J.: 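Dropping a structure here in structure tokens format, bear with me for questions.
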Amino acid sequence: PGKLKDTLLDWEDDLPQKDWTRAETECSKADLVVCLGTSLRIEPAAGLCEYPELWPIPKEKKALGYAIVNLQETPYDEDAELVVRAKVDDVMKGLMERLGYEYNWDAIVIDD
């Protein structure tokens, strides 16, 4: 399984360059970017959700775009493949259970 890490980006904080470069790379390779619990109003980070659609994709691979899980509307809702108006914790708990993970987040979360 991949690593899960909680990160908070404040309005006045720049994303560290190392993290930004990795985010661009991973989002550009993704079939689907899932935006969890964000207003998608802090740029340039908000624009990462559109990366699967902006980067060249091999013909045999179709990028799905992005999905949003957030209680409020965002500026990116209209073009999202899926918008879920729910609490992120509820959605992720259900998803993780369906993927076979037990509800023991301490066993899954790994800090670098």
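Computed from a predicted structure; not experimentally measured. Sequence positions, counted from 1, serve as the residue numbers for this chain.
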J.: Mark yes when over 12 heavy atoms from residues, nucleotides or ligands other than Glu26 sit less than 6.0 Å from its CD; otherwise mark no.
T.: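 Result for CD/Glu26: enclosed.
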J.: Under the side-chain contact (heavy atoms from CB on, under 4.5 Å) test, which residues partner Gln17, sequence neighbours left out?
T.: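 Checked Gln17 against side-chain contact (heavy atoms from CB on, under 4.5 Å); matches are Trp20, Thr21.
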J.: What pair of heavy atoms forms the shortest contact from Leu32 to Ala67, and how long is it?
T.: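 Reported closest heavy-atom pair: CD1-N, 3.9 Å.
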J.: Only counting residues at least two apart or in another chain, list the ones meeting side-chain contact (heavy atoms from CB on, under 4.5 Å) with Leu36.
T.: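 Here the qualifying residues are Val34, Val69, Val88, Met92.
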J.: With side-chain contact (heavy atoms from CB on, under 4.5 Å) as the criterion, how do Ile68 and Asp77 come out once you've worked through the C-alpha distance, each side chain's angles and the decisive distance to 0.1 Å?
T.: CA-CA 7 Å; Ile68 298 170; Asp77 287 358; 3.4 Å; yes
J.: In this structure, would Met96 and Leu82 fall into the same cluster of hydrophobic residues linked by side-chain contacts under 4.5 Å?
T.: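 Same cluster: Met96 reaches Leu82 through Ile, Leu, Val, Met, Phe, Trp or Tyr contacts under 4.5 Å.
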J.: Between Arg22 and Lys18 (side chain of the first, backbone of the second, donor and acceptor by atom type, cut-off under 3.5 Å), is there such a pair?
T.: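 Not a single qualifying donor-acceptor pair exists.
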J.: Calculate, to the nearest 0.5 Å, the distance between atoms CG and CG belonging to Asn70 and Leu40 respectively.
T.: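 If we round to the nearest 0.5 Å, Asn70:CG and Leu40:CG are 7.0 Å apart.
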J.: Any chance you could lay out the side-chain contact (heavy atoms from CB on, under 4.5 Å) test for Thr74 and Arg41, step after step, and finish with the verdict?
T.: CA-CA 7 Å; Thr74 80; Arg41 295 183 190 282; 5.7 Å; no
J.: Measure the CD-SG distance between Glu81 and Cys49 for me, rounded to the nearest 0.5 Å.
T.: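 Answer for the CD-SG pair, Glu81 versus Cys49, is 11.5 Å.
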J.: Please report the shortest heavy-atom distance between Gln72 and Arg85, naming the atom on each side.
T.: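 The pair with the smallest heavy-atom distance is O-NH1, 3.0 Å.
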J.: Checking side-chain contact (heavy atoms from CB on, under 4.5 Å) for the pair Tyr66/Asp79: CA distance, chi angles, key distance, verdict?
T.: CA-CA 8 Å; Tyr66 59 95; Asp79 293 325; 3.3 Å; yes
J.: List in chain and number order the residues that pass side-chain contact (heavy atoms from CB on, under 4.5 Å) with Glu43, two or more places apart in sequence or in another chain; answer none if no residue qualifies.
T.: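 Ala46, Tyr76.
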J.: Establish whether Val84 and Leu95 are linked, either directly or via other cluster members, by ILVMFWY side-chain heavy-atom contacts under 4.5 Å.
T.: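 The answer is yes; both residues are in one hydrophobic cluster.
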